[in-house]
Amino acid sequence: MNKHEVADIVVIGGGAVGTAVAACLAREGAQVALVELGEFAWGSSRRCDGHAVTYDSPPGYFSRFCKMGLDLFPQFAPLLPCDIEFTPEGLGLLVDNENDLETVRATYEGKKNEGVPVELWEQDELRRREPNVADHVVACLNFMGDAKLNPMRLAFGLAHMAKGHGANLFTRTRVTNIVVENGQLARVETTNGTIATQKVVLCAGVWTPELAAMAGVQVPIRPRQGQILVTERLQGLVGKNYAEYGYLAAKGGVARTGVTPEMERFGVAFVVEPSHAGTVLVGSSRRFVGMDIAPHPEVMRAIASRATHFFPKFSQTRIIRAYAGLRPASPDGKPIISPTHIQGVYVAAGHEGNGIGLSLITGTLVSQMLQGLEPAIELGPLHIDRFGLNPPALPAQA
Ligand SMILES: Cc1cc2nc3c(=O)[nH]c(=O)nc-3n(C[C@H](O)[C@H](O)[C@H](O)COP(=O)(O)OP(=O)(O)OC[C@H]3O[C@@H](n4cnc5c(N)ncnc54)[C@H](O)[C@@H]3O)c2cc1C
């Protein structure tokens with residue numbers, strides 16, 4: 001970086017969201033500077049699963065939004081300079097409580113009406129396809145188009161797609177100040193120099209509140225920790241991605257029946273992703289413990305125990321490592337994709353457990369917003385004003 005750079009738009013944060021925003025803006029001809037304090041996928045985007053999914057939201061606005069996000073991956077994958085391991089092999093929601101079957105059937109109908117490809121397998125069909133599933137699993141709601149991918153490859157690929165369209169990539173560069181003069185963005189200061197600009201997009205996940213505060217904007221995002229266990233390489237134990245039906249309740253912070261006090265306390269719900277490398281990622285948990293990313297043995301035990309509840313053969317499997325990451329959680333669990341009351345300051349953050357799957361739709365929407373185009377989906381439910389913390393946001397400016 002030169003001591004004094006100039007850019008049309010500065011994107012702060014090189015995770016899945018920031019790299020997608022940079023790629024979409026650069027593709028439309030904007031002169032973009034992407035600033036990341038570490039390397040790409042330095043934050044939450046390397047400490048997560050890689051699901052791009054429709055299963056984890058009830059039918060409605062957010063479900064349609066997730067489907068739009070998922071549908072963009074086949075379009076973008078061929079444009080990226082590396083294989084992101086995008087695999088639309090589907091994800092099944094495992095139902096272990098007969099009492100849930102009525103709501104599962106309603107979800108099936110609602111999702112089907114939204115155009116999500118779903119299939120409901122009764123117990124016999126499930127056992128035929130997944131012989132290792134536990135006997136008490138009574139049904140499985142399958143989201144046939146749900147996918148997995150490699151989030152680190154995604155962020156790297158998108159950053160280099162942005163570069164291919166003329167973006168300047170500044171890694172190992174920390175933003176230290178966002179300077180506003182007369183109510184309008186003037187420049188972004190970093191550890192390596194200053195970037196004069198009229199627009200900045202804050203894509204810093206759980207770090208967005210501290211960056212926004214530099215510009216006088218309050219962004220209500222809290223880190224919601226989640227842990228993952230990684231097994232040794234396995235063959236045939238589990239055929240594809242699954243989650244338990246109770247995952248939706250754990251995500252929504254709703255009390256569940258039939259789980260241990262530890263599972264409730266740590267927000268543990270089973271989710272599994274067989275990786276391309278042959279290992280299996282087993283999760284996960286949800287708790288608010290600040291910026292702590294140390295895996296906790298008690299939480300790991302609760303996750304392992306829940307995994308054996310659904311696939312008993314996990315009890316004969318070795319865990320080779322564990323990690324924790326931070327979901328950027330807004331008060332309603334939905335992202336903030338919005339202008340703010342400071343001219344030129346925009347936010348694209350707070351995707352909780354969906355930031356990988358929603359990265360491309362977020363980049364697309366920010367690009368449409370900054371070009372003054374009609375957004376692909378109504379942006380009201382994602383607007384920062386819904387929290388009432390700041391003066392009303394100004395309209396986005398092309
Ligand atoms: C256990 C777990 C499982 C998950 N599973 C999934 C899943 O299957 N599918 C899914 O879609 N999502 C999943 N998520 C959520 C997902 O990880 C996040 O939503 C997503 O990574 C957020 O991406 P981001 O780009 O907004 O933030 P980040 O990836 O955190 O990127 C923000 C970047 O900003 C940088 N930064 C911070 N401060 C500064 C500064 N001052 N200057 C410059 N740069 C700065 C950081 O270094 C970081 O790289 C999971 C999360 C967890 C914890």
Side-chain angles (χ1 to χ4, degrees), residues 10-22 33-53 55-56 66 69-70 73 91 146-152 154-155 158-159 170-178 188-192 200-212 214 221 223-229 241 243 247 251 267-269 271-273 281-287 291 293 295 299 303 322-330 333 335-337 347-363:
V10 176
V11 177
I12 304 177
V17 173
T19 55
V21 167
L34 173 59
V35 186
E36 163 56 50
L37 76 80
E39 298 294 338
F40 299 116
W42 199 245
S44 304
S45 300
R46 75 167 57 209
R47 297 176 162 275
C48 55
D49 284 312
H51 288 138
V53 289
Y55 83 90
D56 61 348
C66 290
L70 172 60
F73 281 92
L91 185 147
D146 280 7
K148 68 183 181 195
L149 58 99
N150 183 319
M152 285 170 277
L154 176 70
L158 286 167
F170 300 114
T171 53
R172 305 270 164 182
T173 303
R174 177 189 288 273
V175 170
T176 52
N177 201 7
I178 298 171
V188 171
E189 294 174 355
T190 80
T191 42
N192 289 326
V200 64
V201 190
L202 308 179
C203 306
V206 295
W207 295 274
T208 304
E210 68 187 54
L211 284 154
M214 295 172 186
I221 290 175
R224 197 176 191 192
Q225 194 212 58
Q227 299 189 24
I228 304 277
L229 310 180
N241 310 287
Y247 189 92
K251 186 178 180 192
V268 167
V271 58
V272 65
E273 178 186 330
L281 311 186
V282 181
S284 68
S285 54
R286 275 185 160 79
R287 34 181 215 150
M291 298 296 271
I293 49 166
V299 181
I303 293 173
Y323 57 88
L326 303 171
R327 301 179 185 90
S330 75
I336 304 166
I337 302 175
V347 177
H351 297 70
E352 217 268 356
N354 298 87
I356 307 304
L358 293 175
S359 55
L360 300 179
I361 185 66
T362 301

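Remember, it's 1-based here, ligands and their atoms both numbered in the order they're listed. One is the number of the first residue; the rest follow in order along the sequence.
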Is the shortest side-chain heavy-atom distance between [X] and [Y] below 4.5 Å?
X	Y	answer
Arg47	Gln225	no
Thr208	Pro328	no
Leu149	Phe73	yes

Donor-acceptor pair, side chain of [X] and main chain of [Y], under 3.5 angstrom:
X	Y	answer
Thr19	Leu158	no
Glu273	Gly50	yes
Arg224	Lys251	yes
Tyr323	Ile293	no
Asp146	Tyr55	yes
Ser284	Gly226	no

Could you identify the single nearest non-hydrogen protein atom to [atom] and state the distance to 0.1 Å?
atom	result
atom 26 (O) of ligand 1	Val17 CG2, 3.4 Å
atom 15 (C) of ligand 1	Glu352 O, 3.0 Å
atom 48 (C) of ligand 1	Glu36 OE1, 3.4 Å
atom 41 (N) of ligand 1	Val175 O, 3.2 Å
atom 39 (C) of ligand 1	Leu37 CD2, 3.3 Å
atom 29 (O) of ligand 1	Ser45 OG, 2.5 Å
atom 13 (C) of ligand 1	Gly353 O, 3.2 Å
atom 27 (O) of ligand 1	Gly205 CA, 3.6 Å

Residues Ile12, Ile178; criterion side-chain contact (heavy atoms from CB on, under 4.5 Å); working and verdict: CA-CA 11 Å; Ile12 304 177; Ile178 298 171; 3.9 Å; yes
Under 3.5 Å, N or O to N or O, is [X] touching ligand 1 that way?
X	value
His51	yes
Asp49	yes
Gly355	yes
Ile356	yes
Gly357	yes
Ser44	yes

Would you check, one step at a time, whether the test side-chain contact (heavy atoms from CB on, under 4.5 Å) holds for Trp207 with Val175? CA-CA 11 Å; Trp207 295 274; Val175 170; over 6 Å; no
If you apply the rule side-chain contact (heavy atoms from CB on, under 4.5 Å), what do you find for Val188 with Val35, and how did you get there? CA-CA 10 Å; Val188 171; Val35 186; 5.6 Å; no
Need the ligand 1 atom indices (1-based, order shown) with element for anything under 4.0 Å from a heavy-atom of [X].
X	value
Arg47	2 (C), 52 (C), 53 (C)
Leu211	41 (N)
Thr173	43 (C)
Gly15	25 (O), 29 (O), 31 (O)
Trp42	47 (O), 49 (O)
Arg174	41 (N), 42 (N)
Ile228	1 (C)
Ala204	32 (C), 34 (O)

Is it true that [X] lies under 4.0 Å from ligand 1, counting heavy atoms only?
X	answer
Ala349	no
Gly283	no
Thr176	no

Check this for me: does any side-chain nitrogen of one of Glu39 and Arg172 sit under 4.0 Å from a carboxylate oxygen of the other? yes
Apply the test side-chain contact (heavy atoms from CB on, under 4.5 Å) to residues His51 and Val271: give CA-CA distance (whole Å), side-chain angles for both, the deciding distance (0.1 Å), then the verdict. CA-CA 10 Å; His51 288 138; Val271 58; 3.7 Å; yes
